[in-house]
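As the structure is a computational prediction, the values presented were derived from the model and not from experiment. To find a chain, count down the sequence lines: A is the first, B the second, and so on, and within it residues start at 1. For the numbers below, each heavy atom of this structure counts, side chains included, while hydrogens, waters and symmetry mates do not.
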Protein chains: 2
Amino acid sequence: MDVKTLCLGILSRGDATGYEIRKQVAEGPFSHFFEAGYGSIYPALGKLLESGLVACREQSQDSRPDKKVYSISTNGRLALIDALSAPAAPDRVRSQFLFTTFFAHLLSARQVERLIAERLAWYCESVERMERCSETVCTAERPAGERFTHGLGLTVYKAAAQYLEDHGHELVAEALKLERMDAAD
Amino acid sequence: MDVKTLCLGILSRGDATGYEIRKQVAEGPFSHFFEAGYGSIYPALGKLLESGLVACREQSQDSRPDKKVYSISTNGRLALIDALSAPAAPDRVRSQFLFTTFFAHLLSARQVERLIAERLAWYCESVERMERCSETVCTAERPAGERFTHGLGLTVYKAAAQYLEDHGHELVAEALKLERMDAAD
DNA sequence: CTCTACATGTAATAAGTTACATGATTGC
DNA sequence: GCAATCATGTAACTTATTACATGTAGAG
């Protein structure tokens with residue numbers, strides 16, 4: 001499941017340019033479980049074009065740069081289904097935040113407090129971002145899978161935010177205690 | 001936050017061999033937010049040794065292969081704190097599972113059913129794996145950060161598993177409906 | 001006049017994965 | 001006898017990130 005497959009998936013929902021694909025990954029319904037920048041999307045589209053899994057038509061626009069609109073081919077749809085049918089690979093997660101909280105005792109109380117506050121803000125932003133695309137994903141016309149994936153993301157974010165609100169103070173409390181002990185020495 | 005920093009973090013809790021580090025990442029308290037295999041851990045330890053952030057003593061054992069026990073140096077501890085103090089980088093998540101569920105309408109009901117069941121099993125395993133190391137992480141002697149990180153991971157897994165139990169059937173129901181429609185054609 | 005949005009791409013670099021290579025011991 | 005655990009490492013490959021490179025138009 002690489003960026004090529006991601007592009008196939010997005011194109012299976014409708015034609016798009018590289019720019020639009022990137023927007024769907026950054027802000028749209030894929031944002032909570034995939035990341036990709038231009039530097040991986042454009043090369044991926046190039047390879048898909050080479051192997052005939054997508055087609056491309058150039059569109060000149062006035063008062064806008066030309067754009068290349070990609071559309072998925074029949075072979076592309078088959079390749080997508082193949083990729084989806086492959087044995088489930090485990091999710092890849094690497095959390096700088098959790099790594100940092102694990103070693104919170106090495107930071108100052110001020111740092112810990114900021115860490116928690118920033119993360120809470122980030123969860124709020126993420127939830128807002130996701131709710132902004134709820135209207136396009138959570139309608140009856142869209143497949144159930146889209147609603148499901150969206151709902152699972154929201155649920156997880158909300159559970160995590162709640163945990164932070166419930167337990168964040170414990171981290172700060174310990175940091176303050178350690179600082180008092182240091183001061184006593 | 002790369003594998004080098006991960007090694008520094010783990011070594012800050014006590015000396016370890018490359019093999020033991022890998023075990024902590026695969027099964028220990030780091031398993032839910034970091035991944036690393038031998039192929040990244042050994043080279044990382046090599047680089048840390050070169051730059052003097054860790055020290056290494058060789059230990060021969062009888063009836064076991066020799067091992068290299070690494071320990072963090074003072075500079076290593078400083079480097080770790082530096083890395084922890086760096087501005088929070090967003091978590092990296094790439095979920096094959098969520099990608100697949102998003103496009104569940106392209107799969108057969110059988111495939112969807114298996115997907116959900118396997119994922120639920122995976123969550124159960126993950127929760128069990130994490131609870132197995134609860135005893136070493138969730139004691140009063142360990143820093144609050146370890147308990148916090150552990151608790152957040154468990155909370156998120158449980159919330160996700162609950163969501164699957166609550167909404168997984170919707171996905172299967174749609175798949176069955178699509179199959180009936182196909183059969184009708 | 002500055003910032004954001006639109007729009008595409010390449011090159012250099014960094015990072016990590018997979019496969020390869022080896023080998024003893026312990027428990028079933 | 002076979003699988004699992006302990007134990008270390010390299011080389012080739014794949015992949016993705018970052019920085020570079022360029023340019024228009026509309027909104028404020």
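At C:dC6, none of the side-chain N or O atoms of A:Thr17 fall inside 4.0 Å of OP1 or OP2 (strictly under the cut-off). Dashed line: the shortest gap from a side-chain N or O of B:Ser40 to OP1 or OP2 of C:dA15 is not under 4.0 Å. Between A:Lys23 and C:dA7 there is no side-chain N or O to OP1 or OP2 distance below 4.0 Å.
Residue B:Gly18 is in sugar-phosphate contact alone, with no base atom involved, counting any heavy-atom pair closer than 4.0 Å across all strands shown. Nucleic acid contact class of A:Arg94 (heavy atoms, under 4.0 Å, all strands): sugar-phosphate only. Contacts of A:Lys47 with the nucleic acid, taken as non-hydrogen atoms under 4.0 Å apart, are absent. If you check every strand for non-hydrogen atoms under 4.0 Å, B:Phe34 touches nothing.
Rounding to whole angstrom units, OH of residue B:Tyr42 and P of C:dT17 are separated by 15 Å. Whole-Å rounding puts the A:Glu35 CD to C:dA15 C1' distance at 15 Å. Going from atom CG of B:Leu45 over to atom P of D:dT10 covers 11 Å, rounded to whole Å. Rounded to whole Å, atom P of D:dT17 lies 15 Å from atom CD of A:Gln96. Rounded to a whole Å, the CZ atom of A:Arg92 is 6 Å from the P atom of C:dT17. Atom OH in A:Tyr19 sits roughly 15 Å away from atom C1' in D:dT22 (whole-Å rounding). In this structure, B:Tyr38 atom OH and D:dA7 atom C1' are separated by 8 Å, rounded to whole Å. Per the geometry, CD1 belonging to B:Ile21 stands 15 Å off P belonging to D:dC6, to the nearest Å.
Side-chain contact between B:Gln111 and B:Leu115: absent, with no pair of heavy atoms (C-beta onward) separated by less than 4.5 Å. No side-chain heavy atom of B:Arg94 sits under 4.5 Å from any side-chain heavy atom of A:Arg94.
The 5' end of DNA chain D is approached more closely, in terms of each residue's nearest nucleotide, by B:Glu20 than by the other of B:Gly39 and B:Glu20.
A heavy atom lying under 4.0 Å from DNA chain C marks the following residues of residues 2-11 of chain B, by number: B:Asp2, B:Val3.
With hydrogens and angles ignored, the 3.5 Å screen pairs no side-chain donor or acceptor of A:Arg92 with any backbone N or O of B:Arg92.
By the side chain to side chain donor-acceptor pair (under 3.5 Å) test, B:His167 is found to be paired with B:Glu170, residues two or more places apart in sequence or in another chain being considered. Considering only residues two or more places apart in sequence or on other chains, A:Phe30 meets the ring pair (Phe, Tyr, Trp, His ring centres under 6.0 Å) condition with A:Phe33, B:Phe102.
A:Ser134 and A:His150 are linked by a side-chain donor-acceptor pair at a separation below 3.5 angstrom, with hydrogens and angles left out of the test. A:Asp2 and A:Thr5 form a side-chain donor-acceptor contact under 3.5 Å, judged by distance and modelled atom types alone.
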